[in-house]
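Below is one structure, written out as structure tokens, with a few remarks after it.
Values below: all heavy atoms of this structure, side chains included; hydrogens, waters and symmetry mates excluded. Read the numbers this way: they start at 1 and go in the same order the structure lists the ligands and their atoms.
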Amino acid sequence: MKKVSVIFGTRPEAIKLCPLVLALQEDPQFEAHVCATGQHREMLDQVLQVFGVTPDVDLALMQDNQTLASLTSRAITAIDGYIVDYEPDLVLVQGDTTTVFTAALAAFYHRIPVGHVEAGLRTWNKFSPYPEEINRVLASHIADYHFAPTCWAQQNLLKEGVQAERIYVTGNTVIDALYIAVDKVRKLRPQITELSAGLLNSSIDQRLVLITGHRRESFGHGFECICRAIATLAEKFADTEFVYPVHLNPNVREPVFRLLGHRKNIRLIEPLDYLSFVALMDRSTLVLTDSGGVQEEAPSLGKPVLVMRDTTERPEAVEAGTVKLVGTDVRQIIDTVSQLLTDTDAYGRMAQAVNPYGDGKATGRILAACRRFLNGRGGNT
Ligand code: UD1
Ligand code: UDP
């Protein structure tokens, strides 16, 4: 049996890797081992609970308001110790966080092959998103096997000189996770204690703008602008509910609660467990976000997404017409949301269900690829 170590640390990595963990655990060819770095704590534990995944090892790295350097140095040392103890045949990581970069580097130091899930996303701007663009570029340089979610991501890797036979176009596992979640929440709507039961009811007419935001490059001025725009919109559209599950990063919470707290139609709530968040996304009129994962999920649900960033590494849904970049400019956010809330044609053009990121079968393709290369049958042909 081949020992496959799945290493993750934050909410989005767990969402995108839990379906793969569950599949690996069912496959008799693999001994799956889960290492949570604990880069996130509450937000990671929420995801693990939903998928019923219990890490074999938890490195419990999170500290309050951690800096990039302190997290990176603690992570590389702790993951190194884990790899020495467990001696995996393969390490799998996902995405572009500090956990991904440090886990890939630690595995490389022990000459253990690395498979990178969601490989090949790029903005070619090293400060946007920051530090994720550089984390994923470095992960690509270290990785031996690259699971590209789309053909566009595959092309990016090819242009950087990655050998074609080491790239597998698989779709994004976020869609696998989303399908599992949608199936559950459409059968049994979760209750969100901080919101009234009526608000979650899909048959009521109440408009709902769902908001998330956490990007480091927007700390300070960017978040002040985002909040000013939301405050103005909430006044202008008094009949619309603005629901914002606020990320636990203190650099996000401080401006958000200071500028948006105590307003009649703005609901600032705690981060939601994955099923509740999917239910809310499914119920929303439109989504205002800077999240990577939400940009991938909401188009599948036919929800217009306005991305509060200047760049995106996920151009596919922009090309399909359901996602628009609005940056952190106050005027642009206000004008674009206002147009969608008042112009039914403009809304209709964006609110189509498109699915450029996968068909819900990425996990199976990644597993099949792992079987091939761990059994010495080489590349993707
Ligand atoms: C991290 C990732 C980012 C990813 C995001 C997903 C890095 C550098 N950043 O950003 O790429 O998009 O996660 O959400 O890898 N905190 C808690 N509890 C939690 C999680 C966070 O209290 O469950 C607070 C802590 O004070 C922590 C801080 O948030 O120090 C920052 O966490 P960190 O993982 O460094 O950065 P994120 O902004 O969450
Ligand atoms: N999400 C969640 N609860 C929330 C907000 C988001 O479960 O309150 C999920 C969302 O569905 C998506 C993922 O978290 O799958 C995105 O995480 P985040 O925005 O923190 O990180 P990113 O994707 O930008 O790296």
Side-chain angles (χ1 to χ4, degrees), residues 8-19 36-51 60-72 74-75 93-103 118 121 129-136 139 172-178 180-182 185 190 192 194 210-219 223 243-254 268-282 284 287 289-298 300-301 303 305 307-309 312-314 357:
F8 55 71
T10 67
R11 168 171 72 189
E13 294 162 72
I15 290 170
K16 291 171 172 179
L17 283 175
C18 276
T37 64
Q39 175 178 336
H40 279 177
R41 188 69 285 156
E42 302 88 332
M43 287 160 54
L44 175 65
D45 295 343
Q46 280 181 323
V47 180
L48 298 175
Q49 247 172 30
V50 164
F51 286 95
L61 288 179
M62 197 192 85
Q63 292 179 352
D64 191 37
N65 206 3
Q66 57 208 2
T67 62
L68 294 175
S70 85
L71 174 63
T72 303
R74 287 180 293 111
V93 292
Q94 189 284 334
D96 51 23
T97 65
T98 297
T99 288
V100 174
F101 163 55
T102 52
E118 197 180 270
L121 276 60
Y130 164 80
E132 291 83 3
E133 177 71 5
I134 291 300
N135 282 343
R136 59 189 169 222
N172 197 312
T173 54
V174 76
I175 305 299
D176 304 28
L178 181 69
I180 296 170
V182 166
V185 304
I192 301 176
E194 292 172 277
L210 176 60
I211 303 160
T212 79
H214 69 84
R215 299 249 80 91
R216 266 182 161 75
E217 65 272 19
S218 301
F219 288 176
F223 265 96
V243 182
Y244 187 166
V246 188
H247 193 287
L248 293 180
N249 193 317
N251 302 288
V252 174
R253 291 174 86 78
E254 191 282 319
L268 301 181
I269 61 176
E270 292 305 310
L272 292 168
D273 69 83
Y274 186 51
L275 294 183
S276 299
F277 187 77
V278 168
L280 200 54
M281 210 166 23
D282 199 27
S284 67
V287 183
T289 189
D290 64 14
S291 162
V294 175
Q295 269 180 79
E296 293 159 342
E297 294 161 337
S300 288
L301 300 173
K303 304 299 173 182
V305 185
V307 177
M308 299 184 290
R309 292 172 45 184
T312 184
E313 57 287 294
R314 297 166 168 91
Y357 299 111

Tell me whether [X] contacts the main-chain N or O of [Y] through its side chain, where contact means a donor paired with an acceptor under 3.5 Å.
X	Y	result
Lys303	Ser284	yes
Arg74	Leu61	yes
Asp290	His214	yes
Glu132	Tyr130	yes
Arg253	Val246	yes
Asp273	Ser276	yes
Glu297	Val278	no
Thr212	Thr289	no
Arg215	Arg309	no
Gln49	Asp45	no

Glu132 near ligand 2 by a heavy-atom separation under 4.0 Å = no

Can you list the atoms of ligand 1 that are under 4.0 Å from a heavy atom of [X]?
X	answer
Arg41	19 (C), 23 (O)
Leu68	8 (C)
Asn65	25 (C), 26 (O), 27 (C), 30 (O)

Side chain or backbone of [X] under 4.0 Å from ligand 1, or both, or neither, by non-hydrogen atoms?
X	value
Ser291	neither
Asn251	neither
Pro271	neither
Pro129	neither
Gln63	backbone

Which of the numbered atoms in ligand 2 are below 4.0 angstrom from a heavy atom of [X]?
X	answer
Glu297	10 (C), 11 (O), 12 (C), 15 (O)
Ser291	16 (C), 18 (P), 19 (O), 22 (P), 23 (O), 24 (O)
Pro271	8 (O)

How close does the nearest protein non-hydrogen atom get to [atom], and which residue and atom is it?
atom	answer
atom 22 (O) of ligand 1	Met62 CE, 3.4 Å
atom 12 (O) of ligand 1	His214 CE1, 2.9 Å
atom 13 (C) of ligand 2	Ile15 CD1, 3.7 Å
atom 14 (O) of ligand 1	His247 NE2, 3.0 Å
atom 8 (C) of ligand 1	Thr98 OG1, 3.2 Å
atom 36 (O) of ligand 1	Arg216 NH1, 3.0 Å
atom 32 (O) of ligand 1	Gln66 NE2, 3.4 Å
atom 25 (O) of ligand 2	Pro12 CG, 3.4 Å
atom 20 (C) of ligand 1	His40 CD2, 3.3 Å
atom 29 (O) of ligand 1	Asn249 CA, 3.2 Å

Is there any N or O on [X] that sits under 3.5 Å from an N or O of ligand 2?
X	answer
Gly293	yes
Gly292	yes
His247	no
Arg11	yes

To the nearest 0.5 Å, what is the distance between [atom1] ([X]) and [atom2] ([Y])?
X	Y	atom1	atom2	answer
Tyr274	Leu48	OH	CG	13.5 Å
Ile269	Leu280	CD1	CG	6.0 Å
Asn172	Leu121	CG	CG	7.5 Å
Asp282	Ser300	CG	OG	11.0 Å

ask   = Arg216 and Pro131: which non-hydrogen atoms are nearest, and at how many Å?
value = CD-CD, 4.1 Å

Closest non-hydrogen atom pair, Glu217 against Pro129 = OE2-CA, 3.3 Å

Quick one: does ligand 2 sit under 4.0 Å from the side chain of [X], the backbone, both or neither, non-hydrogen atoms only?
X	answer
Arg215	side chain
Tyr274	both
Met43	neither

[X] N/O to ligand 1 N/O under 3.5 Å:
X	answer
Glu132	yes
Arg11	no
Asn135	no
Asp96	no

Does any donor atom in the side chain of [X] or [Y] lie under 3.5 Å from an acceptor atom in the other side chain?
X	Y	value
Thr97	Thr10	no
Ser70	Gln63	no
Thr72	Thr102	no

Heavy-atom nearest option to atom 9 (N) of ligand 1, drawn from Gln39, Met43, Glu42 = Gln39

query = Which option out of Leu272, Thr212, Leu248 puts a heavy atom nearest to atom 8 (O) of ligand 2?
reply = Leu272

Carboxylate-amine/guanidinium proximity below 4.0 Å for Lys16 and Glu13 = no

